[in-house]
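These notes concern the structure reproduced below.
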Amino acid sequence: MYAKKYKAAICALLFSAMLHSCTKDFQEINTDPEASATIQPAFVFTKALYDGAKNNLTLLLGTMQYTTSFNDVAGFGSKYVSSQSQQSSAQFGNAYYQEINEITMVIDAVKTNPEQVNLLAAARIWRAYCFARTTDLYGDIPYAEAAQGYNSANYKPAYDPQRTIYLDLLKELEESALSLNEAKATFGQADLIYAGNTTKWKKFAYSLMLRLGMRMTKVDIALAETWVKKAIAGGVITEDADIAKINYLSAGQDINKNPIALTLYNGDYIKADGTSNQEGGKYQNSFITYMKTNKDPRLGILSVVYVNGVADTSMAIQKGMPATFSSKPADFVTYSEPNQKTVLALGGAKLIYTTAETDFLLAEANLRGWYAAGNAATLYEAGIKAAMKQWAIIVPADGTISDLQINTYIKYHPFNTGGTFDEKMQQIYTEYWLAIFPDAQEAFSSYRRTGYPALVPVVYVGNATGGRIFRRMLYPLSEQNLNRTSLDAAIARQGPDDFMTRIWWDKL
């Protein structure tokens with residue numbers, strides 16, 4: 001009996017010692033030495049820039065008739081196949097999970113420190129950019145209560161009307177631009193767009209204001225005029241040195257590679273032979289035919305056809321694929337696809353806002369009498385020049401188009417000074433469609449507002465739109481399960497969660 005008690009006591013002492021040794025260093029052992037207990041605004045800001053720039057709904061490349069596929073899944077954007085409808089919800093989930101949460105964390109971390117006014121301004125401007133891209137796809141979305149799950153345990157945020165969102169985004173841009181102070185600290189090299197240059201951030205803010213102001217021309221012309229004039233007076237991007245862009249690397253981690261190029265490269269074109277293409281992607285005939293017919297010098301920069309396994313940029317052989325194919329055509333290899341050296345350049349820059357966009361928007365402002373200092377014809381030509389020159393910014397070694405080529409194109413495509421307002425708008429925004437590629441989301445917004453380019457919808461068996469081009473994207477199914485009350489309120493206000501429901505600024 002004594003021996004048993006002795007053994008039990010020894011075991012108890014050993015267990016106690018082991019327990020003490022396990023618990024006395026518990027906090028130290030279970031703390032990541034490389035993690036920070038508090039947010040590092042510069043690091044999170046960099047991540048928010050990367051995530052905001054990569055969050056592109058690439059299926060819209062098909063919708064805007066740049067690309068297509070014989071594969072129903074990959075070709076949803078150009079075919080509108082009902083069974084693949086939920087692809088359209090991707091940006092909603094990604095935006096809140098990534099850049100909107102991240103940039104809100106940055107704002108919360110710096111907003112009370114007057115010495116960090118430039119950090120706060122840049123974060124607010126980027127947040128406005130990210131929210132604008134999201135609301136332009138879906139309409140009403142969570143805004144005022146968004147990104148409050150961590151701080152306030154609000155997991156069911158209300159959806160705000162898009163008009164309310166727009167007015168606040170414009171306010172955010174104006175206040176941020178006015179608050180920038182060259183004498184204060186910046187994000188420096190953590191700022192992937194401007195490396196802390198406050199003058200350029202101000203121009204970016206006013207340029208976004210110009211973009212959003214023009215969005216409202218169909219729904220509230222007086223409000224549009226007010227904000228467009230305010231943006232112009234504040235100073236917008238008019239020089240290539242000021243464009244908003246992020247530079248990428250061709251090697252290393254995927255986050256450091258051009259996000260649109262990476263998506264296309266991995267999905268369709270990694271083998272670079274014109275035929276070994278799992279997703280079946282090619283340029284759509286609308287895009288290639290338009291450039292070829294108009295002898296657009298960008299065609300040889302953007303497009304190739306593989307001949308005996310070798311990429312050929314000759315204009316004569318470029319050919320776009322119809323969006324109506326449901327299986328791989330026998331002549332698949334003969335259709336044009338993106339150039340590996342330019343559109344698919346993993347180290348190519350991602351352009352977020354360009355001089356060309358400003359030129360085309362100002363050309364419209366002049367037509368409307370909102371910009372007396374400009375001339376629509378001159379601005380139209382400047383937009384074409386800037387759009388062609390920007391490929392040398394994206395990929396300096398392979399994107400150069402000569403002045404002779406540019407001037408020749410303009411010579412044979414002069415601005416129709418004697419045309420109607422609508423005819424002039426068609427010229428401006430057809431060129432805008434060419435200029436904004438491959439940012440199909442901005443092309444999609446411009447198309448819905450202006451009606452240009454005059455794309456002919458694809459009629460494909462089993463489509464979700466009745467053979468019409470989308471007007472908006474669908475909310476994620478997860479919102480029905482996790483935030484149903486707020487979602488239902490938005491649908492009751494805006495209209496059915498349907499591809500053809502028009503958002504606030506997209507009126508007939």
Side-chain angles (χ1 to χ4, degrees), residues 55 57 60 63 80 82 85-97 99-101 104 127-149 152-173 208-209 211-224 226-227 441-442 444-451 464-466 468-508:
N55 200 359
L57 198 56
L60 289 171
T63 310
Y80 336 132
S82 295
S85 294
Q86 274 302 310
Q87 287 188 34
S88 68
S89 68
Q91 181 166 319
F92 187 101
N94 290 337
Y96 287 103
Y97 175 70
E99 70 263 19
I100 289 175
N101 276 326
T104 301
R127 188 171 184 265
Y129 169 83
C130 294
F131 264 119
R133 296 269 286 187
T134 305
T135 187
D136 283 346
L137 286 179
Y138 301 96
D140 294 5
I141 58 172
Y143 179 71
E145 296 182 3
Q148 294 183 8
S152 305
N154 183 355
Y155 305 117
K156 298 181 180 181
Y159 284 58
D160 293 88
Q162 190 179 42
R163 184 181 190 277
T164 302
I165 296 170
Y166 252 65
L167 292 179
D168 196 69
L169 292 177
L170 290 164
K171 176 189 72 68
E172 286 287 290
L173 291 171
L208 290 177
M209 186 186 294
R211 175 189 283 178
L212 300 188
M214 277 299 187
R215 288 272 203 274
M216 301 186 292
T217 53
K218 288 201 301 185
V219 69
D220 193 327
I221 194 70
L223 195 61
T226 295
W227 284 101
Q441 279 187 220
E442 287 308 314
F444 182 54
S445 291
S446 179
Y447 168 79
R448 286 177 291 162
R449 180 179 75 87
T450 67
T465 65
R468 296 168 292 171
I469 293 176
F470 304 123
R471 304 312 296 191
R472 63 178 292 277
M473 302 291 99
L474 303 184
Y475 295 123
L477 292 175
S478 59
E479 284 295 283
Q480 296 180 21
N481 299 324
L482 303 176
N483 194 18
R484 188 58 183 262
T485 300
S486 297
L487 175 63
D488 286 348
I491 292 172
R493 179 176 57 240
Q494 177 171 262
D497 186 19
D498 184 87
F499 285 119
M500 300 313 297
T501 294
R502 291 173 179 256
I503 61 177
W504 168 68
W505 55 253
D506 178 23
K507 300 303 179 184
L508 289 170

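Here Tyr129 pairs with nothing under the side chain to side chain donor-acceptor pair (under 3.5 Å) rule; sequence neighbours left out. With sequence neighbours excluded, no residue satisfies salt bridge (charged side-chain N to carboxylate O under 4.0 Å, His left out) with Arg468. Partners of Arg127 under the salt bridge (charged side-chain N to carboxylate O under 4.0 Å, His left out) rule, at least two apart in sequence or in another chain, do not exist in this structure. Judged as a side-chain contact (heavy atoms from CB on, under 4.5 Å), and not counting sequence neighbours, Thr226 has no contacts. In this structure Glu145 satisfies the side chain to side chain donor-acceptor pair (under 3.5 Å) test together with Asn154, sequence neighbours excluded. Listed by chain and number, the residues in a side chain to side chain donor-acceptor pair (under 3.5 Å) with Asp506 are Lys218, Arg471, Arg502 (sequence neighbours excluded). Listed by chain and residue number, Arg124, Asp168, Glu175 satisfy the side-chain contact (heavy atoms from CB on, under 4.5 Å) test with Lys171 (two or more places apart in sequence, or in another chain). For Arg448, the salt bridge (charged side-chain N to carboxylate O under 4.0 Å, His left out) criterion is met by no residue, not counting sequence neighbours. Partners of Thr135 under the side-chain contact (heavy atoms from CB on, under 4.5 Å) rule, at least two apart in sequence or in another chain, are Ile141, Gln162, Ile165, Tyr166. In this structure, the side chain to side chain donor-acceptor pair (under 3.5 Å) partners of Glu99, at least two apart in sequence or on a different chain, are Asn55. With sequence neighbours left out, the ring pair (Phe, Tyr, Trp, His ring centres under 6.0 Å) criterion links Tyr143 to Phe131.
The CD atom of Glu442 sits 8.5 Å away from atom OG of Ser446, with the distance rounded to the nearest 0.5 Å. For the atom pair OG1 of Thr465 and CG of Asp498, the computed distance is 9.0 Å after rounding to the nearest 0.5 Å. Atom CG in Leu169 sits 9.5 Å away from atom CG in Leu208 (nearest 0.5 Å). From Leu170, atom CG reaches atom CG of Leu223 across 7.0 Å, with rounding to the nearest 0.5 Å. If you take OG on Ser89 and CG on Leu57, they are separated by 9.0 Å, rounding to the nearest 0.5 Å. Atom CD in Glu479 sits 10.0 Å away from atom CG in Asp497 (nearest 0.5 Å).
Smallest separation of non-hydrogen atoms from Ala95 and Thr134: CB-OG1, 3.5 Å. Smallest separation of non-hydrogen atoms from Pro496 and Ile491: CA-CG2, 4.0 Å. Across all non-hydrogen atoms, the minimal contact from Tyr96 to Ala146 is CE2-CB, 3.8 Å. Taking both residues in full, the closest heavy atoms of Ile469 and Met500 are given as O-CE, 3.4 Å, listed atom of the first, atom of the second, then distance. Of all the heavy atoms in Phe499 and Ser85, the pair that sits closest is CE1-OG, 3.5 Å. Of all heavy-atom pairs spanning Pro476 and Gly93, the tightest one is CG-N, 4.4 Å.
For Lys156, the NZ atom counts as loosely surrounded, since its 6.0 Å shell holds 12 or fewer non-hydrogen atoms of other residues, nucleotides or ligands.
Between Arg472 and Asp136 there is no salt bridge, since no side-chain N of the basic residue sits under 4.0 Å from a carboxylate O of the acidic one.
With contacts defined as side-chain heavy-atom distances shorter than 4.5 Å, the pair Thr63/Tyr447 does not qualify. Side-chain contact between Thr164 and Asp140 is absent, with no heavy-atom pair separated by less than 4.5 Å. Residues Leu173 and Leu212 meet the side-chain proximity criterion, which asks for heavy atoms closer than 4.5 Å. Within the 4.5 Å cutoff, the side chain of Trp505 has heavy atoms near those of the Ser445 side chain. With a 4.5 Å cut-off on side-chain heavy atoms, Pro161 and Trp504 do not count as touching.
In summary, the side chains of Ser486 and Asn483 do present a donor paired with an acceptor at a separation below 3.5 Å, with no hydrogens or angles considered.
A distance below 6.0 Å separates the ring centres of Tyr475 and Tyr159.
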Task: Met216 vs Arg449, side chain to side chain contact (heavy atoms under 4.5 Å, CB included): CA-CA, chis, key distance, verdict - done: CA-CA 8 Å; Met216 301 186 292; Arg449 180 179 75 87; over 6 Å; no
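Under the 3.5 Å distance criterion, the side-chain polar atoms of Gln91 are left unmatched by any main-chain donor or acceptor of Met473.
Applying the salt bridge (charged side-chain N to carboxylate O under 4.0 Å, His left out) test to every pair with at least one member in residues 481-492, sequence neighbours left out, gives these pairs: Arg484-Asp488.
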